[in-house]
Asks: 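Would you mind keeping the following structure in view while I ask a few things?
By convention in this document, chain letters (A, B, ...) are assigned in the order of the sequence lines, proteins followed by strands, and residues within each chain are numbered from 1.
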Protein chains: 2
Amino acid sequence: MVPAEQGGNVGKLKKSERRAQILLELKLRPHVRISELARRFNASAETLRRDLDALAQDGLIHRAHGGASAPSRGHYPSLDERTVERTAERERIAHLAAAEVHDGETLMIDSGSTTIELAKALAYRDVSCSIITNSLPVAMTLGHGAANVMLCPGEYQPSESAVIGTETLEFLRNYTVDRCMIGTSGFSAEGVSETVHGFAAIKREMLRRAGLRQLLVGSEKFGQKGLVRVAGLDGLDTIFVDARPQKKLLAALDAAGIDIRVADRVPTRTHSEQMKPREENT
Amino acid sequence: MVPAEQGGNVGKLKKSERRAQILLELKLRPHVRISELARRFNASAETLRRDLDALAQDGLIHRAHGGASAPSRGHYPSLDERTVERTAERERIAHLAAAEVHDGETLMIDSGSTTIELAKALAYRDVSCSIITNSLPVAMTLGHGAANVMLCPGEYQPSESAVIGTETLEFLRNYTVDRCMIGTSGFSAEGVSETVHGFAAIKREMLRRAGLRQLLVGSEKFGQKGLVRVAGLDGLDTIFVDARPQKKLLAALDAAGIDIRVADRVPTRTHSEQMKPREENT
DNA sequence: ATTATTTTGTTGCTTATCCCACAAACTACT
DNA sequence: AGTAGTTTGTGGGATAAGCAACAAAATAAT
């Protein structure tokens, strides 16, 4: 390639130097864009794209369309891919559940994408309650408002940005709350289940320490069975869902006397339905 | 109108509600993209574009191509304005201190902007040690690597994204570690001091539980005296600084037999060297 | 109810980014 | 050297984002 010399700029930087500079830049600025970096380093956009992808792989930056931004706090995993798709459902569930909470209550909230949405909904309402959680995102979301947040101790689990372990369980045993609101990865007629053992134990303990035992669960989890059993249906008081369960599960829920709260999709929209040519879902 | 609209209805949000949620989202995630927001709010991309532009106008977010990111490093807004300025110094101090830590060690790290830098430096080195901290950013930064992170319980303090309180202190008393590394807001010949009472108590307890008691402090803190006394100079073993203290403070440090480690400005390239091992596998 | 104002959605078009595969250039190693 | 492996650049088609102006609702005001 022609070593094009441009006004005072570097001819060619090695890969590592480029990437170090990118990281440095992101310490000062919240966001850089690819086109800008390509010009600065006198390299092609593809090269910079590869740089950003590599850095994002290592979790050093957060990739975005057209550029990248600093991972702000240690990255919030957002375990997504599909999480983005299901956000609308989770949001509806979360809002419905958040509406139940009154000022002055004490509650426990566990970790997971659904409960993070719950935390956002509560933060938005700015409810003045006391919350015990093992989820760092939940604590951070609620901590800025009127709520009083108590974080559990424990071993940090990056996959969910939460803490787990014996310290967590032991800590929870010191408290009793009005209500607990938890999520789950599996929900069937047999009850609540989890794929990760550590999280199952937390949920179980929270259920034990709470007066009202409430579950937030998306309909995509119906029928799913995780590795570890958390609780049977008789261990629950309320479930918040985005769609009514099918008959078999529904029958089991009724038999257990569980209050089913469905977050409806369209409460006051008669016209919007017909004008949704592109985005039919949500 | 729309009084009881709160619960479970995400059908249509008003402008202000949308924008509040966007800000909330950016507390957790470094970057949001327009297409994603449009889907979530069931609104057109244009609307969201207008939202982001408006928020950016107010300086509440940082606009980017295709989305927006949180402004500055601000999500740990905390600390203060000067945090951005002093980043380079803190980074040097942090790298110097991080180089001291070996695999298998146990250490306590407290909260603050300097110790977050320390956590980043340790994360780069990927040291395999056990860490106890009350800082959420520190936990999240180190949690993804080889380190084993134990988070303290306590009341969440949004100003520093850390936990404090009696639960924290009580928890710390159960542990003994090889080394503790803490920051401070004030450092003078009389010792270490803090402006916030809760944080002072944490630091004091950590110093008590550690074999090696090490302080990371920028030269801008020299001579500063906070409200609450944390420890005298005789309570410290090592200080990591970015510049040699003046004679009066220096004399006091010598008298106390404190090891002074100065992070020189010149030996840069630390950044590129730190990243080298990481890029082998790209 | 009827305006006025604000807010949102849509259309058409331009531009930028993405992604993939392959070729060119560079580096390291025997 | 020469070769193998890496790193970078280029091209083209697909996709997403930007922009501007106007139309359609929704909201507020009279």
Asks: Ion pair present between A:R261 and A:E100, side-chain N to carboxylate O less than 4.0 angstrom?
Replies: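 Yes.
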
Asks: Rounded to the nearest 0.5 Å, what separation is found between the OG atom of A:S113 and the CG atom of A:L118?
Replies: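 Rounded to the nearest 0.5 Å, the OG-CG separation comes out at 11.5 Å.
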
Asks: Measure from CG on A:D51 to C1' on D:dG9 and round the result to the nearest Å.
Replies: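 Answer to the nearest Å: 13 Å.
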
Asks: Is it the case that the side chains of A:N148 and A:S130 hold a donor-acceptor pair, with the cut-off being a distance below 3.5 Å and no angle test?
Replies: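 A:S130 vs A:N148: no donor-acceptor pair found between side chains.
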
Asks: State whether the side chain of A:S193 and the backbone N or O of A:G226 hold a donor-acceptor pair below 3.5 Å, judged by distance alone.
Replies: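 Here the side-chain-to-backbone pair exists.
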
Asks: OP1 or OP2 of D:dT8 versus the side-chain N and O atoms of A:T47: is any pair under 4.0 Å?
Replies: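 The answer is no; no side-chain N or O of A:T47 sits under 4.0 Å from OP1 or OP2.
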
Asks: What protein N or O atoms touch nucleotides 20-23 of chain D N or O atoms at under 3.5 angstrom, if any, and at what distances?
Replies:
none

Asks: Could you check how far CD of A:E17 sits from P of C:dT27, rounded to whole Å?
Replies: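 One finds 12 Å between P of C:dT27 and CD of A:E17, rounded.
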
Asks: Between A:S44 and A:T47 (side chain of the first, backbone of the second, donor and acceptor by atom type, cut-off under 3.5 Å), is there such a pair?
Replies: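 Here the side-chain-to-backbone pair exists.
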
Asks: Figure out the CG/C1' separation between A:L37 and D:dT8, and round it to whole Å.
Replies: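 Nearest whole value for this atom pair: 16 Å.
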
Asks: Can you tell me how the ring of A:F222 sits relative to the ring of A:F187, calling it parallel under 30°, perpendicular over 60° and tilted otherwise?
Replies: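 It falls in the tilted class, 30° to 60°.
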
Asks: Starting at atom CG of A:D53, determine the distance to atom P of D:dT7, rounded to an integer number of angstrom.
Replies: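 So the CG-P distance, A:D53 to D:dT7, works out to 15 Å.
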
Asks: Among pairs that include at least one residue of residues 60-69 of chain A, which meet salt bridge (Lys or Arg N to Asp or Glu O under 4.0 Å), considering only residues two or more places apart or in two chains?
Replies: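 Sorted pair list: A:D53-A:R63.
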
Asks: Taking only Lys NZ, Arg NE, NH1 and NH2, and the carboxylate oxygens of Asp or Glu, determine whether A:E36 and A:R29 approach each other closer than 4.0 Å.
Replies: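 Yes.
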
Asks: Extract from the structure each pairing of a protein N or O with an N or O of nucleotides 14-17 of chain D at less than 3.5 Å, listing the distance.
Replies:
from: D:dA17; atom 1: OP1; to: B:S35; atom 2: OG; distance (Å): 3.3
from: D:dA17; atom 1: O3'; to: B:G66; atom 2: N; distance (Å): 3.1

Asks: Separation of A:N42 atom CG from D:dG9 atom C1', in whole Å?
Replies: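 So the two atoms are 12 Å apart, to the nearest Å.
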
Asks: OP1, OP2 of C:dT8 versus side-chain N and O of B:R18: anything below 4.0 Å?
Replies: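 Yes, within the criterion.
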
